[in-house]
Amino acid sequence: MEITHEVSDWRTKVPSVSQLTRRMRGHIENSFFDIWVKGEISNLKRPSSGHLYFNLKDASAQLRVVMFRNSFSKLKFDLKDGMEILLHGGLTIYEARGDYQMVSDTAEPLGTGALQLAFEQLKQKLQAEGLFDPKHKKDLPTLPSRIGLVTSPTGAAVQDMLNVLNRRFSNRHIFILPTSVQGDKAAPEIVSALQNAEEWNQTHPERAIEVLIVGRGGGSLEDLWPFNEEIVARAIFQCSIPIISAVGHEIDVTISDFVADLRAPTPSAAAELVVPRKEDLLNLIDHQQIRLLTIFKKHLTQLRLHLGHLSNRLVDPKERIKAMKEKFSHLEQKILSIFQYRLKMLRHRLETQVSMLNSLSPLQVLSRGYSLTRTTEGQIIHSIKEVVPGQKVVTQLHVGQIYSEILPNPEKSS
């Protein structure tokens with residue numbers, strides 16, 4: 001009886017499968033909660049839940065891995081079968097199957113940086129969809145009157161572009177569409193700025209923006225990353241306004257460069273591409289005038305030679321030939337006179353339009369001592385009622401900007 005009692009007591013202390021598995025899970029999670037492991041992805045699955053399930057393997061072993069949706073959404077690159085990666089996370093046991101697995105919270109590609117891999121993956125994806133195809137590129141206007149700048153309103157790039165535009169053709173109307181150009185908020189703000197430009201053109205067709213420059217000055221790959229985001233690339237592709245991408249320095253290349261209608265090596269170079277120099281345009285008109293006159297005179301000379309040839313062949317109708325010569329001579333003088341008058345009128349019209357645009361230019365008004373005050377978001381301030389004490393504002397002068405803060409009215413406080 002005593003032996004039976006002892007056996008029965010021992011058996012009651014044996015743990016169940018669930019109890020043993022739970023104890024093993026606690027031991028594993030406490031021992032392997034912050035680890036890195038490397039291997040090759042295989043058997044990757046993407047269920048509708050948004051979580052990722054795959055095996056990480058090497059030549060002689062494999063490990064089950066799960067990466068939940070909130071962790072996967074933070075990766076800059078996509079995971080694929082056959083990819084060599086580094087995984088971070090912790091080990092646990094999935095009790096329902098009794099399998100141990102890794103719950104990963106982040107990943108890094110082996111051999112290539114995460115941002116560079118994300119760049120190459122998105123480039124291949126958009127290229128396969130045809131977003132880089134030259135047939136989709138829009139032509140730039142020859143001499144646009146209204147130019148939009150999608151960039152930071154306080155960066156050096158916007159001042160460089162304004163200086164170049166003013167120097168080359170000072171009577172252009174410039175729209176500054178303010179946006180962040182780095183950080184997590186930059187990509188959606190750039191998309192919003194492009195949409196605002198489209199809405200302006202729809203509601204103000206008589207003052208539509210004719211071309212956009214999208215960009216910023218130089219920086220690291222991380223600083224320039226908003227211009228490698230998929231939402232920005234698709235917004236540029238869908239925009240009906242011709243776009244020049246001008247991001248960073250000449251050696252910097254972004255996804256926006258491939259999608260845009262034209263790529264400029266720097267923001268200043270983009271401004272040079274948008275408008276020609278006024279002096280060059282006038283010189284071109286003079287050159288074309290001389291060229292046309294030369295061609296016309298050459299054609300008249302050929303006509304004279306032909307008439308002379310005819311006159312040598314004919315003996316009797318000399319009077320008719322004489323009359324034809326006089327008629328051609330009169331016609332020659334008349335055509336030359338009309339042609340020179342027409343060229344003179346075209347040149348006068350161009351100079352008149354240039355003078356008129358100069359008189360209407362906002363920058364010309366600023367050169368007379370006036371200024372333009374905006375909020376830091378770029379909205380023009382028309383009345384003191386539109387600002388409050390403590391608010392920061394930016395005043396645009398003919399040369400440079402003044403940053404100010406609204407002070408309380410001393411008369412009201414007294």
Side-chain angles (χ1 to χ4, degrees), residues 18 21-22 24-26 28-58 61-129 131 180 182-192 195 221-235 237-238 254-256:
S18 297
T21 303
R22 195 170 297 116
M24 292 175 61
R25 175 183 174 184
I28 290 177
E29 290 181 349
N30 289 332
S31 301
F32 301 94
F33 60 90
D34 182 16
I35 61 170
W36 284 91
V37 62
K38 64 181 179 180
E40 177 185 327
I41 296 176
S42 68
N43 199 27
L44 179 67
K45 293 182 174 59
R46 304 170 185 265
S48 59
S49 63
H51 308 318
L52 293 186
Y53 299 91
F54 56 92
N55 293 332
L56 194 69
K57 67 176 185 177
D58 57 19
Q62 65 178 8
L63 170 67
R64 291 182 182 272
V65 180
V66 58
M67 179 176 284
F68 295 120
R69 179 173 56 187
N70 61 337
S71 297
F72 173 65
S73 63
K74 296 176 183 177
L75 294 182
K76 293 292 186 183
F77 63 100
D78 194 16
L79 299 182
K80 297 181 178 180
D81 281 327
M83 183 181 292
E84 295 278 345
I85 61 170
L86 290 168
L87 278 181
H88 178 268
L91 294 183
T92 185
I93 290 182
Y94 182 53
E95 296 182 15
R97 288 198 307 262
D99 294 337
Y100 89 100
Q101 64 181 11
M102 181 177 189
V103 178
S104 175
D105 53 21
T106 190
E108 289 287 340
L110 276 176
T112 304
L115 291 181
Q116 187 60 40
L117 179 58
F119 176 90
E120 294 299 335
Q121 287 181 340
L122 182 59
K123 180 182 174 183
Q124 293 175 8
K125 175 183 177 181
L126 298 183
Q127 187 171 24
E129 292 182 24
L131 270 68
S180 301
Q182 69 183 64
D184 295 337
K185 296 181 180 180
E189 287 186 9
I190 294 170
V191 173
S192 178
Q195 293 172 345
L221 179 59
E222 289 80 5
D223 292 339
L224 305 182
W225 192 254
F227 300 91
N228 289 321
E229 293 284 0
E230 184 171 355
I231 59 172
V232 173
R234 294 194 182 279
F237 181 76
Q238 294 167 1
T254 65
I255 297 295
S256 297

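None of these values were measured; they are calculated from a predicted model.
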Q | Leu110 side chain reached by Ile85 side chain, heavy atoms, under 4.5 Å | A | no
Q.
What's the separation between atom CG in Asn55 and atom CD1 in Ile41, rounded to the nearest 0.5 Å?
A. 10.5 Å
Q.
Between Arg22 and Glu95, is there a side-chain heavy-atom distance shorter than 4.5 Å?
A. yes
(Q) Tell me the closest heavy-atom pair linking Pro109 and Leu117, and the distance in Å. (A) CB-CD2, 3.5 Å
Q: Keeping the roles fixed (side chain from Asn228, backbone from Thr254), state whether a donor-acceptor pair exists under 3.5 Å.
A: no
Q | CD-CG distance between Glu108 and Leu75, expressed to the nearest 0.5 angstrom | A | 8.5 Å
Q.
Could you report the tightest heavy-atom contact between Phe119 and Trp225, atom names first, then the distance?
A. N-CH2, 3.7 Å
Q: Check the pair Val232 / Val191 against side chain to side chain contact (heavy atoms under 4.5 Å, CB included), numbers first and verdict last.
A: CA-CA 6 Å; Val232 173; Val191 173; 4.2 Å; yes
Q.
Would you say CZ of Arg69 has more than 12 non-hydrogen atoms from neighbouring residues, nucleotides or ligands within 6.0 angstrom?
A. no
Q.
Would you say CZ of Phe72 has more than 12 non-hydrogen atoms from neighbouring residues, nucleotides or ligands within 6.0 angstrom?
A. yes
Q: Please lay out, stage by stage, how Arg234 and Leu131 fare under the test side chain to side chain contact (heavy atoms under 4.5 Å, CB included).
A: CA-CA 8 Å; Arg234 294 194 182 279; Leu131 270 68; 4.2 Å; yes
Q.
Given 3.5 Å as the limit, does a donor-acceptor pair link the side chain of Glu189 with the main chain of Ser180, or not?
A. yes
**Q.** Heavy atoms of other groups near Asp99 CG, more than 12 under 6.0 Å
**A.** yes
Q. Nearest 0.5 Å, what's the NZ-CD1 distance between Lys185 and Ile190?
A. 14.0 Å
Q | Residue pair Ile93 / Tyr100, side-chain heavy-atom distance below 4.5 Å | A | yes
Q | pair His88-Asp34: side-chain heavy atoms closer than 4.5 Å | A | yes
Q.
Before you tell me yes or no, could you show the steps for Met102 and Leu87 under side chain to side chain contact (heavy atoms under 4.5 Å, CB included), namely the whole-Å CA-CA distance, both residues' side-chain angles and the distance that decides it to 0.1 Å?
A. CA-CA 9 Å; Met102 181 177 189; Leu87 278 181; 4.1 Å; yes
Q | Flag, side chain of Ser104 to backbone of Thr106, donor-acceptor distance under 3.5 Å | A | yes
Q | Check against side chain to side chain contact (heavy atoms under 4.5 Å, CB included), Ile28 and Thr92 | A | CA-CA 6 Å; Ile28 290 177; Thr92 185; 5.8 Å; no
**Q.** Partner set under ring-ring contact (aromatic ring centres under 6.0 Å, His included) for Phe33, not counting sequence neighbours
**A.** none
Q: First locate atom CZ of Phe227, then atom CD of Gln182, and finally report the distance between them rounded to the nearest 0.5 Å.
A: 9.5 Å
Q: Check step by step if salt bridge (Lys or Arg N to Asp or Glu O under 4.0 Å) holds for Lys76 and Glu229.
A: CA-CA 9 Å; Lys76 293 292 186 183; Glu229 293 284 0; 3.6 Å; yes
(Q) In the structure I gave you, are the side-chain heavy atoms of Leu91 and Gln101 within less than 4.5 Å of one another anywhere? (A) no
Q: Taking the side chain as every heavy atom from C-beta outward, state whether Asn43 and Lys45 have any atom pair closer than 4.5 Å.
A: yes
**Q.** Donor-acceptor side-chain pairing of Gln116 and Glu120 below 3.5 angstrom
**A.** yes
Q: Quick one: closest heavy-atom pair of Met67 and Asp105, and the distance?
A: CE-C, 4.5 Å
Q) Do the side chain of Thr21 and the main chain of Gly98 share a donor and acceptor less than 3.5 angstrom apart? A) no
(Q) Looking at every non-hydrogen atom in both residues, tell me the closest pair between Ile231 and Pro188 and how far apart they are. (A) CD1-N, 4.0 Å
**Q.** Smallest separation among heavy atoms of Ala233 and Leu126, with atom names
**A.** CB-CD1, 3.6 Å
Q.
Can you confirm whether Leu44 sits close enough to Met83 that some side-chain heavy atom of one is under 4.5 Å from a side-chain heavy atom of the other?
A. no
Q.
Could you measure the distance from the CD atom of Gln121 to the NZ atom of Lys80? Nearest 0.5 Å is fine.
A. 5.0 Å
Q. Considering all heavy atoms of both residues, which atom of Tyr53 and which atom of Pro47 are nearest to each other, and what is their separation?
A. CE1-CG, 3.7 Å
